[in-house]
Amino acid sequence: MILIGDEHLSPKIIRAVCEVALRKGWRLDKVTGSDLCSREDEDWIEAFAGAGGNAILSADRAMLRRPTLMKKISDLKLIGIYLPSEWAEARRQYQAAHILYWWPKIEQTIETSAPGSAWIVPKGFNSGELRLYIDKQMPAPTKAAVK
């Protein structure tokens with residue numbers, strides 16, 4: 001499984017996930033510092049999918065309010081994982097603790113989700129599951145579309 005963290009995730013946090021929590025055989029790349037860095041979201045996402053990518057990890061919840069971008073992610077059969085809205089403004093130690101706490105559920109969600117789906121990671125450190133994002137402007141996925 002090949003994942004990528006967008007420019008809203010610190011490379012240090014991505015490195016921590018890779019060193020501490022990432023499942024063997026999986027890869028977590030970063031947009032920051034790569035040739036994808038200065039490109040528009042639509043462009044780097046398409047390039048990532050074309051290179052065999054499976055899922056994006058983002059702290060940019062504004063992506064969810066961009067119907068054409070969400071349609072592109074769905075059409076490219078990528079899985080989108082979106083961190084809570086307050087995550088981006090939180091202190092780095094909270095961000096690191098939060099993503100490491102939820103990482104097993106993030107991997108499980110990526111592994112079992114239908115391609116093209118989008119998921120929201122809960123805020124805080126409680127029990128629960130990632131929440132399927134349903135764009136109210138697009139038709140809701142059928143039960144068969146979400147494993």
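- With D60 as the fixed residue, the side-chain contact (heavy atoms from CB on, under 4.5 Å) test singles out one of L9, L83, D6: D6.
- Between the CD atom in E19 and the CG atom in L28 there is a gap of 11.5 Å [rounded to 0.5 Å].
- In this structure a side-chain-to-backbone donor-acceptor pair under 3.5 Å is missing from W26 to C18.
- Residues I99 and I106 approach most closely at CG1-CD1, 4.4 Å, considering heavy atoms.
- We find the CD1-CG distance between I79 and L3 to be 8.5 Å, quoted to the nearest 0.5 Å.
- In terms of the salt bridge (Lys or Arg N to Asp or Glu O under 4.0 Å) criterion, residue partners of E42 (sequence neighbours excluded) are, by chain and number, R66.
- Put simply, the side chain of E107 does not reach to within 4.5 Å of the side chain of E111, judged on heavy atoms.
- At least one side-chain heavy atom of P122 sits under 4.5 Å from a side-chain heavy atom of L130.
- Counting heavy atoms from C-beta on, the side chains of F48 and V31 never come closer than 4.5 Å.
- Of the possible polar contacts, none joining the H8 side chain to the L57 backbone as a donor-acceptor pair under 3.5 Å is found.
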From CA spacing to verdict: side-chain contact (heavy atoms from CB on, under 4.5 Å), E7, D41: CA-CA 10 Å; E7 69 278 7; D41 289 335; 3.8 Å; yes
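- Considering only heavy atoms from C-beta on, W102 stays 4.5 Å or farther from I81 through its side chain.
- For the atom pair CG (N54) and CG (L76), the distance works out to 12.0 Å, reported to the nearest 0.5 Å.
- A 6.0 Å sphere centred on CD of Q93 holds more than 12 heavy atoms belonging to other residues, nucleotides or ligands.
- For D43, there are no salt bridge (Lys or Arg N to Asp or Glu O under 4.0 Å) partners, not counting sequence neighbours.
- Here the shortest heavy-atom pairing between L132 and S117 reads CD1-CB, 4.0 Å.
- For K30, there are no salt bridge (Lys or Arg N to Asp or Glu O under 4.0 Å) partners two or more places apart in sequence or in a different chain.
- Contact check for K123 versus E86: side-chain heavy atoms found under the 4.5 Å cut-off.
- Between R23 and M1, every side-chain heavy-atom pair lies at or beyond the 4.5 Å cut-off.
- Proximity of I45 to L69: side-chain heavy atoms (C-beta onward) are separated by under 4.5 Å at one or more points.
- A side-chain donor-acceptor contact under 3.5 Å links Y133 to the backbone of L64.
- At a threshold of 4.5 Å between non-hydrogen side-chain atoms, the residues V121 and P84 count as touching.
- Considering F125, Y101, W87 in turn, F125 is the only one that fulfils the ring pair (Phe, Tyr, Trp, His ring centres under 6.0 Å) rule with Y94.
- Checking side-chain atoms of S74 against main-chain N and O of M70 turns up no donor-acceptor pair under 3.5 Å.
- The backbone N or O of I13 lies less than 3.5 Å from no partner atom in the side chain of Q95, so there is not a single donor-acceptor pair.
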